Amino acid sequence: MNKLDEQRQKEIQQAEELLFTGPQALGFAKGLFQGHFVSDWVMPYPRVDEGERPQLEQTLTELRKFLNEDLDPAEIDRQADIPRSVIDGLGRIGVLGMTAPKEYGGHGFSQMANCKILEEIGRRCASTSVFVNAHHSIGIRALLLFGTPEQQQKWLPKLVSGEQLGAFALTEREAGSDAANVQMQARLSEDGSHFILNGEKRYITNAAIAQELTVMARTPIAGTDKTAVTAFLVTPDMPGFEMLEARMAKTGIKGTATGRFALRDVKVPKENVLGPIGKGLKVALTVLDFGRTTFGACCTGAAKTCLELAVAHANTRRQFNKTLGEFELVKKKIARIAADAYAMEAMTTVTASFIDRGLEDYMLETAMLKVFTTERLWECINDVFQIYGGSAYFTDLPLERMLRDARINQIGEGANEVLTSFIALVGMRGPGMEFKEIYDTMMKPSRDGMSKAWAAGKSRLNATIRVPDVPVQSEQLRAQARQLGRLIRHFNFAVNRALVTYREPILDMQLIQERIANAAMDLFASTCVLSRIDGEIQSAGRNGNTASPDHSAANLFLRQSSRRIRGYLAGLTDNDDKAVIAAAKSCLTSGSSRVA
Ligand SMILES: Cc1cc2nc3c(=O)[nH]c(=O)nc-3n(C[C@H](O)[C@H](O)[C@H](O)COP(=O)(O)OP(=O)(O)OC[C@H]3O[C@@H](n4cnc5c(N)ncnc54)[C@H](O)[C@@H]3O)c2cc1C
């Protein structure tokens, strides 16, 4: 086996261990790749529970008042610091422990309700929303999910109130996108009472202001010479904890403290191991599922601000004796921002509901939400920036800050390229295994193999000829529902064809994977939008409203999304991929001097 094959085997083994242990439920996204519409995951459109709504409304009212009066995003950006008074205020309202159980002082909110809170913060200040996410969505999440009762009792009350802050430390120099490549070492002391940690972490939000850090380090696997990642609860007062850089100067979200630290022979008691030994990556990925839903909520909030700003300017700024809003190229941008903001909210709500319902394995959907909302927000900000023209460029308006702040979204919590490839590969695994069954049997026929291959062949054929049912309740949405069903069949056909055409090399063909993942993301987004429109029509009917709600932006989203999906799928066979690879290869082998 050569080095490349060895690396590939290692990656596959890691991915299998992380993602594919135990029986696989057919979730919504995996269903799409099989040509199914798993309707009970996405319909009817989820709503925050009746019992929870009054408390959510009350908290939102309190939060809005606090943010309007006491949060100054421009000052936070200028000072590159979130004042303690803001952190204390958020703690008082309960934002720093929104989903923690009431017994620890939390609100015990669902993830859907929590997303509404984060959307409200994301509307105003990305530094503050990233700070809250780092503390709550990922910082103390591991403790909430994997902590023992003793650990939770010891750590949670102060973290939930905001008296103490949390951070989540995975990234290192050698472990960025390749998160499994953590190098920080943890070895058990001779008396077995503690672990000794050594190594460095970088780019860690809240590192310098946190009193509890969830730190990932490698521990030996008993009886082997191998190691695996384990999660530890580390406090900065432990001897050997060294803050190398408390606040790394950076482009955006300047109010957050992003730091580098080293652990030098830090003794961490055995009681501070979080979750099973050697399962730290599983802890990390599970935690990130939560972080990605609140990411979606923050992006939704920011997109709504883009829309408000765009409309305000387009209605007031006059050029050529007209308001800007009278020009079609401005209208186009405003319509697109409105359509995307509607879809982002729908997708966030549906994905958060998967967590609340305790559904199994929604890692694909949270990855889709993260990539989709961060990419759309970037477009929204670019559009509103353009509408403001030269004025957007100056620091008296929030747009240049919003632009700088939004750029991290496509990189943090999994770079979008890595997640895009992940979505395609994990999604294609189901149909890919069925094709493998058929292929293996053709090569080496056996009675058992024949029956499995027959079942696999039937499943593939069914998915290709059958248009899945999309069960909307509102009569007026039937045509859109049928259209979505046809797109899913078209998608499934295209995935099958790609698998048959490219076979195993598809694992490395990221340009093909990107189109498949993009189409899948738009199918998921369209589903959430359709479900939301349906829910709103039904709810208006129940409330006796005869006038149908205005869904022009939502309908535009469905049209544009459908056009994009067809474009991605057409690109699977009609593309410039060979030319792209050849041009890149030429640059990469000859260096940048060629360009001159
Ligand atoms: C402001 C900020 C806050 C952060 N907060 C935290 C935190 O609180 N905790 C934490 O643990 N980490 C944190 N991070 C780290 C963040 O998660 C990493 O930056 C991110 O995972 C990317 O890793 P990297 O920067 O090493 O980029 P690299 O891994 O070097 O990747 C660089 C680029 O290469 C491309 N790329 C990489 N791999 C692939 C691939 N397989 N296929 C295609 N393209 C690829 C992508 O375009 C990617 O953007 C933070 C980072 C920043 C900037």
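Ligands are counted one by one from 1 in listed order, and the atoms in each one are counted from 1 as well. In this text, all values refer to a predicted model and were calculated from it rather than measured experimentally.
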Pull out every atom of ligand 1 sitting under 4.0 Å from any heavy atom of Glu417, numbered as shown with elements. 43 (C), 44 (N), 46 (C), 47 (O)
Side-chain donor/acceptor of Asp405 to backbone N/O of Gly252, under 3.5 Å: no
Atom 10 (C) of ligand 1 within contact range, any protein heavy atom under 4.0 Å: yes
Run the numbers on Leu369 and Arg292 for side-chain contact (heavy atoms from CB on, under 4.5 Å), then give the verdict. CA-CA 7 Å; Leu369 174 70; Arg292 286 176 190 148; 5.6 Å; no
With heavy atoms under 4.0 Å as the rule, classify the contact between Gln510 and ligand 1 as side chain, backbone, both or neither. side chain
Among all protein heavy atoms, pick out the one at the shortest distance from atom 8 (O) of ligand 1; state its residue, atom name and that distance to 0.1 Å. Thr205 N, 3.0 Å
Which protein non-hydrogen atom lies closest to atom 27 (O) of ligand 1, naming both residue and atom, and how far is it? Ser177 OG, 4.1 Å
Proximity to ligand 1 by part of Ile408, non-hydrogen separation under 4.0 Å: side chain
Closest non-hydrogen protein atom to atom 17 (O) of ligand 1, residue and atom name please, with distance? Glu413 N, 3.6 Å
Between Arg218 and Val182, is there a donor-acceptor pair closer than 3.5 Å when you use the side chain of the first and the backbone of the second? yes
So, are Glu271 and Lys154 salt-bridged, with charged N and O less than 4.0 Å apart? no
Using the six-membered ring wherever Trp is involved, compare the ring planes of Phe241 and Phe261 and label them parallel, tilted or perpendicular (cut-offs 30° and 60°). parallel
Could you name the option among Val418, Leu419, Asn133 that has the heavy atom nearest to atom 45 (C) of ligand 1? Val418
Among all protein heavy atoms, pick the one closest to atom 18 (C) of ligand 1 and tell me residue, atom and distance. Thr171 OG1, 4.2 Å
Residue, atom name and distance, where the atom is the protein heavy atom closest to atom 20 (C) of ligand 1: Ile411 O, 3.6 Å
Identify the protein heavy atom lying closest to atom 49 (O) of ligand 1, giving its residue, its atom name and the separation to 0.1 Å. Ala415 CB, 3.6 Å
Would you call Arg173 and Glu200 a salt bridge, using N to O less than 4.0 angstrom? no
Pair listing, ring pair (Phe, Tyr, Trp, His ring centres under 6.0 Å) test, anchored in residues 119-148, at least two apart: none
For the side chain of Lys201 and the backbone of Met184, is there at least one donor-acceptor N/O pair under 3.5 Å apart? no
To which protein heavy atom is atom 26 (O) of ligand 1 closest, and what is the distance rounded to 0.1 Å? Gly176 CA, 3.2 Å
Counting distance only, does the side-chain N/O of Lys270 pair as donor-acceptor with the main-chain N or O of Leu188 below 3.5 Å? no
For atom 50 (C) of ligand 1, what is the nearest protein heavy atom, given as residue, atom name and distance? Tyr203 O, 3.1 Å
Any protein heavy atom lying closer than 4.0 Å to atom 30 (O) of ligand 1? no
Test of proximity, Leu170 against ligand 1: N or O pairs below 3.5 Å: yes
Least distance between heavy atoms, Gly162 atom then Arg84 atom: O-NH2, 2.9 Å
